[in-house]
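Scroll down for the structure; my scribbles are underneath it.
Throughout, a chain's letter reflects where its sequence line sits, starting with A, and its residues are numbered from 1. Since this is a predicted model, take the numbers as computed values, not measurements.
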Amino acid sequence: MRISIKFFASLREQLKMEDMDISVESVTTVHDLWQHVVKKEIPDNIMVAINQEYASMQSLVQDGDEIAFFPPVTGG
Amino acid sequence: MLVKVTAQAIEPWNILAHYEQQHIQSEHTGAAAVFVGVMRKHNEGDEVKSMYLEHYPAMTEKFLQKLAQKTMQQWDINDVLIVHRVGQLFPDDPIVVVAIWSAHRAEAFTVCRELMEQLKTQAPFWKKEQLHNGEYRWIEKNTHGYIVNT
């Protein structure tokens, strides 16, 4: 399946990873996807969205999804 | 209801005056509560030169739209306004304006506060400061939204 992945703010800089489109077969959850792509433990405070809606690390990933990882938000 | 994310400078009081004139019916409204967030010149003991506000274009405005809609449904209020800056900001630049109009003060005060806390903790925005010494740093957490007894 094809997955689009985005990283934001300090997380993008720490990981030195740019947005990417990848093809994966062995991934079922967001956690699996992180492990497959980043190959490190997920920091506790990382937030995730699937198709621009908040999700969890246990959420299922589907073909065509846009998955975004980001640090705690600091707007306002 | 007005929800807007913009890279243009915002003028909160002009936005509010214009919106009130166009959309707020005075016969139903007895209260307005407003929060304006402004960029500070100092943070954590350092002088700040500028700040970059990053967001997630596909998600941020959508999130704020849903937050505003949910707020309208949950509470007995007449209208909601949220305008938030992104991009390059300098000290004294307004960052955000949130306003609630209702029949009575209880809803206006409470909902303006509640909406602002939800925006601060959930809306996808991230601040990166440039200090006067040339250093850049990400702001990693929010300050308290409520007064803390020390």
Side-chain angles (χ1 to χ4, degrees), chain A residues 1-24 27 29-31 33-34 36-38 40-76, chain B residues 3 5-6 10 12 35-40 43-44 51-67 82-87 89 94-98 112-129 136-145:
Chain A
M1 58 184 173
R2 297 285 299 171
I3 304 290
S4 173
I5 307 174
K6 291 179 175 295
F7 300 95
F8 287 92
S10 58
L11 182 67
R12 179 187 58 240
E13 293 186 1
Q14 283 160 16
L15 297 174
K16 296 184 173 59
M17 298 190 88
E18 297 294 326
D19 296 350
M20 61 180 84
D21 291 316
I22 61 164
S23 226
V24 284
V27 161
T29 66
V30 171
H31 185 269
L33 181 70
W34 173 281
H36 182 82
V37 172
V38 182
K40 288 179 187 171
E41 280 304 304
I42 307 175
D44 286 342
N45 59 359
I46 293 305
M47 303 167 92
V48 61
I50 300 179
N51 300 328
Q52 304 93 43
E53 300 278 352
Y54 277 109
S56 77
M57 295 301 164
Q58 286 69 48
S59 298
L60 299 178
V61 174
Q62 295 183 319
D63 185 37
D65 279 349
E66 177 177 291
I67 313 289
F69 295 102
F70 46 84
V73 300
T74 55
Chain B
V3 174
V5 175
T6 177
I10 59 175
F35 176 85
V36 176
V38 176
M39 186 187 156
R40 284 175 297 123
N43 192 31
E44 296 181 4
M51 182 171 78
Y52 187 78
L53 245 167
E54 181 174 335
H55 74 307
Y56 180 179
M59 179 174 175
T60 306
E61 193 157 323
K62 196 162 98 173
F63 175 86
L64 293 177
Q65 284 281 358
K66 280 191 177 175
L67 180 60
I82 306 172
V83 178
H84 203 297
R85 265 298 297 278
V86 290
L89 283 87
I95 301 170
V96 61
V97 52
V98 167
C112 188
R113 178 45 162 294
E114 184 66 26
L115 180 58
M116 194 56 216
E117 293 307 317
Q118 290 188 39
L119 184 156
K120 291 284 290 188
T121 55
Q122 296 171 43
F125 294 102
W126 303 274
K127 290 172 179 160
K128 188 179 194 181
E129 296 175 327
Y136 288 87
R137 70 181 178 198
W138 290 97
I139 296 177
E140 297 291 351
K141 59 182 178 186
N142 289 314
T143 55
H144 289 287

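The backbone N or O of B:Ala58 lies less than 3.5 Å from no partner atom in the side chain of A:Gln52, so there is not a single donor-acceptor pair. The closest donor-acceptor contact from the side chain of A:Tyr54 to the backbone of B:Gln122 lies under 3.5 Å. Side chain of B:Trp126 to backbone of A:Pro71: a donor-acceptor contact under 3.5 angstrom is found. Checking side-chain atoms of B:Lys120 against main-chain N and O of A:Gly75 turns up a donor-acceptor pair under 3.5 Å.
Only the side chain of B:Ile95 comes within contact range of chain A, with heavy atoms under 4.5 Å apart. Contact annotation for A:Ala9: both backbone and side-chain heavy atoms come within less than 4.5 Å of a heavy atom of chain B. Contacts between B:Phe63 and chain A at a heavy-atom distance below 4.5 Å involve the side chain alone, from C-beta outward. For B:Lys66, the part sitting under 4.5 Å from any heavy atom of chain A is the side chain, from C-beta outward, and nothing else.
Among the candidates B:Glu140, B:Met39, B:Arg85, the residue making the largest number of heavy-atom pairs closer than 4.5 Å to chain A is B:Glu140. Chosen from B:Trp138, B:Phe35, B:Phe125, the residue pairing most often with chain A at heavy-atom distances under 4.5 Å is B:Trp138. The choice from A:Ser10, A:Pro72, A:Ala68 that makes the most heavy-atom pairs within less than 4.5 Å of chain B is A:Ser10.
Residue A:Lys6 holds its NZ atom at 12.5 Å from CE of B:Met59, rounded to the nearest 0.5 Å. Expressed to the nearest 0.5 Å, how far OG1 of A:Thr74 lies from NZ of B:Lys128 amounts to 12.5 Å. One distance of note links CD of A:Glu66 with OH of B:Tyr56; it measures 3.5 Å at 0.5 Å rounding.
When all heavy atoms of A:Val73 and B:Asn142 are compared, the pair lying nearest together is O-ND2, 3.3 Å. A:Asn51 and B:Lys62 make their closest contact through O-NZ, 3.6 Å (heavy atoms, listed as atom of the first residue, atom of the second, distance).
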